[in-house]
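Step one of this worksheet: look at the structure below.
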Amino acid sequence: QVQLVESGGGLVQPGGSLNLFCVVSGSMFDLGRMGWYRQAPGKQRELVAATTNLGRTVYGDSTKGRVTIASENAKNTFYLRLNNLKPEDTVVYYCRGVDRFNDEEYWGQGTQVTVSS
């Protein structure tokens, strides 16, 4: 029922910043937890940043201190800002939402970020 669509990925130079967007179909309020994850080829999907049911934010070690997340419920959009990007940030970034009532997971198709000169 719920669909998540990521966008905003692209090419950015090392040290630059990029904003990613996750547009949620349906009510974003139903998603009690939302987060951004990433997965490089041949590696496990890892946490970038996500909210908890208590409204706190958790961060993955690889991107801690370099990311900001925010929600704009009126636009059904969940944002990720990536700062001080490094070549190792060249991965596909995925949006994740968890239904607050039944804990069902929803994933977007991903958006590619490439950090290169």
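Start at 1 with the first residue, then count along the sequence.
No side-chain heavy atom of Arg45 sits less than 4.5 Å from a side-chain heavy atom of Arg38. Looking at heavy atoms from C-beta onward, Val58 lies in side-chain contact with Thr52 at the 4.5 angstrom threshold. Side-chain contact between Tyr79 and Ser71 is absent, with no heavy atoms from C-beta onward closer than 4.5 Å.
Going from atom CD of Glu105 over to atom CG of Leu4 covers 11.0 Å, rounded to the nearest 0.5 Å. Rounding to the nearest 0.5 angstrom, the gap separating the CZ atom in Arg96 from the CZ atom in Phe78 is 10.5 Å. Expressed to the nearest 0.5 Å, how far OG1 of Thr63 lies from NZ of Lys86 amounts to 11.0 Å. Separating the CD1 atom in Ile69 from the SG atom in Cys95 is a distance of 10.0 Å, to the nearest 0.5 Å.
Formation of a donor-acceptor pair under 3.5 Å by the Ser116 side chain with backbone atoms of Thr114 is not found in this model. Counting only distance, with no hydrogens or angles, the side chain of Arg66 and the backbone of Asn84 share a donor-acceptor pair below 3.5 Å. The backbone N or O of Gly55 sits nowhere less than 3.5 Å from a side-chain atom of Thr51 that would complete a donor-acceptor pair. Not a single donor-acceptor pair under 3.5 Å links the side chain of Glu72 to the backbone N or O of Asn76. No side-chain donor-acceptor contact under 3.5 Å links Thr111 to the backbone of Glu6.
In this structure, Val91 and Glu88 approach most closely via the heavy-atom pair CG1-O, 4.1 Å. The two residues Thr57 and Ala49 have their closest heavy-atom pair at CG2-CB, 4.4 Å. Val92 approaches Gln112 most closely through the heavy-atom pair CG2-OE1, 3.2 Å.
Environment of CD in Gln39: crowded, with over 12 heavy atoms of neighbouring residues, nucleotides or ligands closer than 6.0 Å. Within 6.0 Å of atom CG in Asp61, 12 or fewer heavy atoms from other residues, nucleotides or ligands are found, so the atom counts as exposed in its surroundings.
Neither Val98 nor Met34 shares a network with the other; the hydrophobic side chains, linked directly or stepwise wherever heavy atoms of I, L, V, M, F, W or Y lie under 4.5 Å apart, form separate groups for each.
Between Asp99 and Arg33, none of the side-chain N atoms (NZ, or NE/NH1/NH2) sits under 4.0 Å from a carboxylate O, so this pair counts as no salt bridge.
With sequence neighbours left out, the ring pair (Phe, Tyr, Trp, His ring centres under 6.0 Å) criterion links Tyr59 to no other residue.
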Would you mind writing out the side-chain donor-acceptor pairs for residues 11-24 within the sub-3.5 Å range, not counting sequence neighbours?
from, atom 1, to, atom 2, distance (Å)
Ser17, OG, Asn83, OD1, 3.1
Asn19, OD1, Arg81, NH1, 3.0

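The list of ring-ring contact (aromatic ring centres under 6.0 Å, His included) pairs with a residue in residues 93-117, not counting sequence neighbours, reads Tyr37-Trp107.
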Practice item. In sequence, state the C-alpha distance, the side-chain angles, and the governing distance for Thr90 and Val113, and then conclude on side chain to side chain contact (heavy atoms under 4.5 Å, CB included). Key: CA-CA 5 Å; Thr90 299; Val113 171; 5.9 Å; no
